[in-house]
Engineer: 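Provided herewith is a single structure, encoded as structure tokens, for subsequent inquiry.
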Amino acid sequence: MALTPRPPWEGKRIVLGVTGGIAAYKSIQLARDLTRLGATVDTVLTRSALSFVAPLAFEGVTGRPALTDLFSAEGAALHIRLGRDADVVCIAPATADVLARAAQGRADDLICTTLLATRAPVVICPAMNDRMFAHAQVVRNLEHLREELGYRIEGPAEGALAVGEGEGPGRMLEPWQITEAIGRALAAGPPFEGRSVLVTAGPTHEPIDPVRYVGNRSSGRMGYAVAQAAWRRGGRVTLVSGPSALDAPYGVERVGVETALEMREAVVERAPEVDVAVFAAAVADFRPSEARDRKVKRTETGASLTLDLEENPDVAIESRGVRREGGVRVGFALETDDLVENAARKLEAKGFDLVVANDATEEGAGFGVSTNRVTILDAGGGQDVLPLLSKDEVAEHILDRVAVLLQGGSHG
Ligand code: CTP
């Protein structure tokens, strides 16, 4: 993720409550990332948190005093100000103790009083030993916070716990995932909230034999950025992805595929239910006519090898016929020549409402880089030429345009 100030974090006030768990060290990274994304972060540490991390660490990364006392020199009713001014309150890590106190509405420290004073969305990221997490009382407290108070419970993840404690559900989410969860608390709303979004991403690998394939240089970054941004806006997002080294976007269902044929199947099956489809995958246009089931040996081929290739299905075109009425379809066009003409032709031929065109020969655009320079074309002939941006920023621009179409805006 590009850590420069940008929506939905930019200019927002975030109260970060840190309680006494070993995962507190990760919250320093979280505070830093949120600050770099342009948020004003007020850290509130409980007394037990001080056994794990120092206020100075948070001050260093947020540039603001870290707060610990309910009654302090910061002035009276600090908790009221914090709660009132916050756009989001996040507790990470949230121990079993703070869950119990929050569920009871206790007001015995600064973070719990802030919870009572705020009307902003609350994001809770539990972290504890897996046996504690499974305890009926903890389960009940979490249910109460979620169902009765409307708090967003994010995680815990399954994985390695503190040293000697083995593995299990109880591990705090990673900082970038919490950043995304906070982003969703800030950004979710109409028209994406509750809508179903499908994104294709990555390359496809077309097998030659069990160890070799025909593929391309796509990293998947652009599609992954779109999927993550759509989730932040409140969408229910499925990402049909070819092979990619990237982490699955947080909150998104990732369906992994290898080949164009598999991608077609995954997309066509889901297309009728989809409100927004974004085709960001670099699908291989051809596949070896025959995938050998044994490794091709040099002793068999001699000094040259000829591959017979046959055309792959076009995933975008094949899903066109089963599209949902009123659904919005966005395609990409990667070109080396006649960018706008070729992209406009693809918009027409593939039934897209928008096409995001980029020039593969331009520096900082296209495959394998974290930036992109694109022109967005619409069905009315409009062209929106964007400057060089991070792929995360390009994703926001695309979704802004999709939002207008979802709200029944003109295509022109
Ligand atoms: N696409 C697809 N299935 C394919 C090929 C392309 O769904 N088999 C989609 C891409 O995800 C993209 C759009 O169609 O949204 C255009 O892809 P691109 O590779 O630029 O175009 P092609 O149709 O393959 O044309 P060409 O390679 O000749 O430029």
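None of these values were measured; they are calculated from a predicted model. Whatever order the structure lists ligands and atoms in, that order sets their numbers, starting from 1. Every heavy atom of this structure was used, including side-chain atoms; hydrogens, water molecules and symmetry mates were not. Along the sequence shown, residues carry numbers from 1.
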Engineer: For the salt bridge (charged side-chain N to carboxylate O under 4.0 Å, His left out) test, which of Lys12, Arg64, Arg81 pairs with Asp42?
Structural biologist: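 With Asp42 as partner, Lys12, Arg64, Arg81 yield a single salt bridge (charged side-chain N to carboxylate O under 4.0 Å, His left out), made by Arg64.
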Engineer: Can you check whether Pro126 reaches Pro156 side chain to side chain, under 4.5 Å on heavy atoms?
Structural biologist: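 Answer yes - side chains close enough.
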Engineer: Could you check ligand 1 for N or O atoms lying under 3.5 Å from protein N or O atoms and list the pairs with distances?
Structural biologist:
unit_1: ligand 1; atom_1: 3 (N); unit_2: Val315; atom_2: N; d: 2.9
unit_1: ligand 1; atom_1: 7 (O); unit_2: Val315; atom_2: N; d: 3.4
unit_1: ligand 1; atom_1: 7 (O); unit_2: Ala316; atom_2: N; d: 2.9
unit_1: ligand 1; atom_1: 8 (N); unit_2: Pro313; atom_2: O; d: 2.9
unit_1: ligand 1; atom_1: 11 (O); unit_2: Phe279; atom_2: O; d: 3.2
unit_1: ligand 1; atom_1: 11 (O); unit_2: Ala281; atom_2: O; d: 2.8
unit_1: ligand 1; atom_1: 14 (O); unit_2: Lys350; atom_2: NZ; d: 2.9
unit_1: ligand 1; atom_1: 15 (O); unit_2: Phe279; atom_2: O; d: 2.7
unit_1: ligand 1; atom_1: 15 (O); unit_2: Phe332; atom_2: N; d: 2.9
unit_1: ligand 1; atom_1: 15 (O); unit_2: Phe332; atom_2: O; d: 3.3
unit_1: ligand 1; atom_1: 20 (O); unit_2: Leu334; atom_2: N; d: 3.4
unit_1: ligand 1; atom_1: 20 (O); unit_2: Lys346; atom_2: NZ; d: 2.7
unit_1: ligand 1; atom_1: 21 (O); unit_2: Lys346; atom_2: NZ; d: 3.0
unit_1: ligand 1; atom_1: 23 (O); unit_2: Lys350; atom_2: NZ; d: 2.6
unit_1: ligand 1; atom_1: 24 (O); unit_2: Asp285; atom_2: OD1; d: 3.0
unit_1: ligand 1; atom_1: 24 (O); unit_2: Asp285; atom_2: OD2; d: 3.1
unit_1: ligand 1; atom_1: 27 (O); unit_2: Asp285; atom_2: OD2; d: 3.0
unit_1: ligand 1; atom_1: 29 (O); unit_2: Lys346; atom_2: NZ; d: 2.9

Engineer: Is Lys350 close to Arg320 at the side-chain level, that is, under 4.5 Å between some pair of heavy atoms?
Structural biologist: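 Not in contact.
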Engineer: Enumerate donor-acceptor pairs with a distance under 3.5 Å from any side-chain N or O in residues 274-294 to protein atoms, sequence neighbours excluded.
Structural biologist:
unit_1: Asp275; atom_1: OD1; unit_2: Arg324; atom_2: NH1; d: 3.2
unit_1: Asp275; atom_1: OD2; unit_2: Ser196; atom_2: N; d: 2.8
unit_1: Arg287; atom_1: NH1; unit_2: Glu311; atom_2: O; d: 3.3
unit_1: Arg287; atom_1: NH1; unit_2: Asn312; atom_2: OD1; d: 2.6
unit_1: Arg287; atom_1: NH2; unit_2: Glu310; atom_2: OE2; d: 2.9
unit_1: Ser289; atom_1: OG; unit_2: Asp308; atom_2: O; d: 3.0

Engineer: Judged by atom type as modelled, is there a donor-acceptor pair below 3.5 Å linking the side chain of Arg171 to the main-chain atoms of Ala160?
Structural biologist: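 At least one qualifying donor-acceptor pair exists.
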Engineer: Can a side-chain donor-acceptor contact be found between Thr259 and Tyr213 if the only test is distance below 3.5 angstrom?
Structural biologist: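 Per modelled atom types, Tyr213 and Thr259 side chains form no pair under 3.5 Å.
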